Amino acid sequence: MSEPELTTPELVWDVQAELGEGPVWDEPRGAVWFVDIKGRKLHRYTPATGEKRSWDTPDQTGFALPAEDGSLICGVRGGLYRFDPEAGDFSCFQPVEEDRPQNRLNDGFVAPDGSLWFGSMDDSEAVETGALYRWFRGELTRHDDGYGVTNGPCLSPDGRTLYHHDTLKKTVLAFDHDDGVLSNRRVFAVTEDGYADGPSMDAAGVLHVGLFNGWGVARFAPDGARIGKIDLPVQTVTKAAFGGPDLRDLYMTTAWLGNADKRADQPTLGGLYRVRVETPGLPQNRIRL
């Protein structure tokens, strides 16, 4: 696989997020949702109109993903919450990690069967109390444990490989996946030029990995070989997600967390970026309730 032709990354919202994360394409609304975890905000950008809207979240929120009824399911510290975009209301329906109050939820993903996968982490990033979970129609299952910072997961196009990051170790892990069951945990790749942050998958099976303090998005072939990088003008890239009508617009969240002293030289740290790519992403799945 070769490096694709790219347009120049474009700043579409100078939102100044302390910890921008979790961009996701909402096809029915034609919009990108993302969060500012530390700023306790949920944001929505509608490219066709340029509309930008924001809501306060109940606590630190790691992801906001679309559900089949038009709501969003949000990973708020302490549990899963349903967000009604019309009313602007959040309501908790699934407590998570009541036994680990030092933790918060981080990144998430919706599988083709409508199940929600997500990770947790120690909010201080000091101890390895993070875990990997699957929630499916009312049942919450812990699948892996012992992470400092989790990111992901995501699935290969055929659904047979699940990727999940041990971010503090700069490591992308892979698991065999079969109908919600994981096995054969192994190292898929290491990101030496930055911390492996949120992953997304394109239709050709290329894994796109945000590089926290790595100035861009790394690209990995299905065999784990690194095949390129999308460069950004800011150093803390947290996640990339495919959107637009043809899923060829790659939206990238960034952050100024840990780099507040760099903001004079990088004034758009925390902004939402977009770049046009050749290979589309996979359609965004919706959570089954």
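We're numbering straight along the sequence, starting at 1. Computed from a predicted structure; not experimentally measured.
- A donor-acceptor pair under 3.5 Å is absent between the side-chain atoms of Arg160 and the main chain of Asp158, judged by distance alone.
- With respect to the salt-bridge test (charged N to carboxylate O, under 4.0 angstrom), the residues Asp261 and Arg263 do not qualify.
- Under a 3.5 Å cut-off, the side chain of Thr191 and the backbone N or O of Gly194 do form a donor-acceptor pair.
- Checked against the 6.0 Å centroid criterion, the rings of Phe109 and Phe118 do not qualify as a close aromatic pair.
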**OP:** Report the C-alpha separation of Phe175 and Ser183 in whole Å, then their side-chain angles, then the decisive distance to 0.1 Å, and conclude whether the side-chain contact (heavy atoms from CB on, under 4.5 Å) test is met.
**Re:** CA-CA 6 Å; Phe175 300 77; Ser183 61; over 6 Å; no

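- Aromatic rings from Trp55 and Phe83 are positioned such that their centres are separated by under 6.0 Å.
- Side-chain polar atoms of His43 and Ser54 form a donor-acceptor pair below 3.5 angstrom.
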Original post:
Under the side-chain contact (heavy atoms from CB on, under 4.5 Å) criterion, do Ile37 and Asn106 qualify, and how do the steps go?
Top reply: CA-CA 8 Å; Ile37 298 174; Asn106 201 36; 3.6 Å; yes

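- Atom CG of Asp176 has more than 12 neighbouring heavy atoms from other residues, nucleotides or ligands inside a 6.0 Å radius.
- Arg248 has no carboxylate O lying under 4.0 Å from a charged side-chain N of Asp202, or vice versa, which leaves the two without a salt bridge.
- One finds no salt bridge joining Asp113 and Arg288 here, because no Lys/Arg side-chain nitrogen approaches an Asp/Glu carboxylate oxygen to under 4.0 Å.
- Cluster annotation: Leu168 and Tyr163 are assigned to distinct hydrophobic clusters (Ile/Leu/Val/Met/Phe/Trp/Tyr, side-chain heavy-atom contacts under 4.5 Å, transitive).
- Leu232 and Leu11 fall within a single hydrophobic cluster, where Ile, Leu, Val, Met, Phe, Trp and Tyr side chains are chained together by heavy-atom contacts under 4.5 Å.
- We find that Asp145 and Arg100 are joined by a salt bridge, their nearest charged nitrogen and carboxylate oxygen being less than 4.0 Å apart.
- Looking at Asp197 and Lys170, no side-chain N of the basic residue comes within less than 4.0 Å of a carboxylate O on the acidic one, giving no salt bridge.
- In terms of modelled atom types and a separation under 3.5 Å, the side chain of Asp36 and the main chain of Glu18 share a donor-acceptor contact.
- Side-chain contact, Thr254 with Thr236: no donor N or O sits under 3.5 Å from an acceptor N or O.
- For Arg44 and Glu51, the salt-bridge test passes: some basic side-chain N is under 4.0 Å from an acidic carboxylate O.
- For the pair Arg134 and Phe136, the cation-pi criterion (under 6.0 Å, within 45° of the ring axis) is fulfilled.
- Thr238 places a side-chain N or O within donor-acceptor distance of the main-chain N or O of Thr253, the cut-off being under 3.5 Å.
- One finds the OG atom of Ser115 at 11.5 Å from the CZ atom of Arg137 (value rounded to the nearest 0.5 Å).
- Residue Met121 is not grouped with residue Val76 when hydrophobic side chains (ILVMFWY) are merged at heavy-atom distances under 4.5 angstrom, including chains of intermediate members.
- By the 30° and 60° cut-offs, the orientation of the rings of Tyr251 relative to Trp25 is parallel.
- In this structure, Glu68 contributes its side chain and Leu289 its backbone to a donor-acceptor pair below 3.5 Å.
- Under the 4.5 Å side-chain heavy-atom criterion for grouping Ile, Leu, Val, Met, Phe, Trp and Tyr, Leu132 is connected to Leu173 within one hydrophobic cluster.
- Salt bridge status for Asp122 with Arg104: absent, with no side-chain N to carboxylate O gap under 4.0 Å.
- Residue Arg77 holds its CZ atom at 12.5 Å from OG1 of Thr57, rounded to the nearest 0.5 Å.
- Atom CD of Glu27 is separated from atom CZ of Arg29 by 11.5 Å, given to the nearest 0.5 angstrom.
- Placement of Leu116 and Leu162 in two distinct hydrophobic clusters is found when ILVMFWY residues are connected by side-chain heavy-atom separations under 4.5 Å, directly or transitively.
- The existence of a salt bridge linking Asp123 and Lys38 is confirmed by a sub-4.0 Å separation between a basic side-chain nitrogen and an acidic carboxylate oxygen.
- Heavy atoms of other residues, nucleotides or ligands lying less than 6.0 angstrom from CG of Asp179 number 12 at most.
- Within a 6.0 Å radius of CZ in Arg185, other residues, nucleotides and ligands contribute more than 12 heavy atoms.
- A salt bridge between Lys41 and Asp56 is present, with a side-chain N of the basic residue lying under 4.0 Å from a carboxylate O of the acidic one.
- The pair Asp69-Arg286 fails the salt-bridge criterion, with no side-chain N (NZ, NE, NH1 or NH2) lying under 4.0 Å from an Asp/Glu carboxylate O.
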Original post:
Going through the distances and angles, do Tyr133 and Ser120 end up as a side-chain contact (heavy atoms from CB on, under 4.5 Å)?
Top reply: CA-CA 8 Å; Tyr133 294 90; Ser120 65; 3.8 Å; yes

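- When only modelled atom types and interatomic distance are considered, Asn259 and Gln235 share a side-chain donor-acceptor pair under 3.5 Å.
- Salt bridge status for Asp107 with Lys239: present, with a side-chain N to carboxylate O gap under 4.0 Å.
- Side chain to side chain, Asp166 and Asn151 fail the donor-acceptor criterion of an N or O pair below 3.5 Å.
- The distance from atom CG of Asp59 to atom SG of Cys74, rounded to the nearest 0.5 Å, is 12.5 Å.
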**OP:** I would like to know whether Arg219 and Leu207 meet side-chain contact (heavy atoms from CB on, under 4.5 Å); could you show each step before the answer?
**Re:** CA-CA 6 Å; Arg219 302 174 67 250; Leu207 186 67; over 6 Å; no

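- Checked by atom type, the side-chain pair Tyr147/His164 shows a donor-acceptor distance below 3.5 Å.
- When only modelled atom types and interatomic distance are considered, Glu97 and Asn103 share a side-chain donor-acceptor pair under 3.5 Å.
- How far CG of Leu282 is from CG of Leu247: 8.0 Å, rounded to the nearest 0.5 Å.
- One distance of note links OG1 of Thr141 with CH2 of Trp117; it measures 8.0 Å at 0.5 Å rounding.
- When only modelled atom types and interatomic distance are considered, Trp256 and Gln16 share no side-chain donor-acceptor pair under 3.5 Å.
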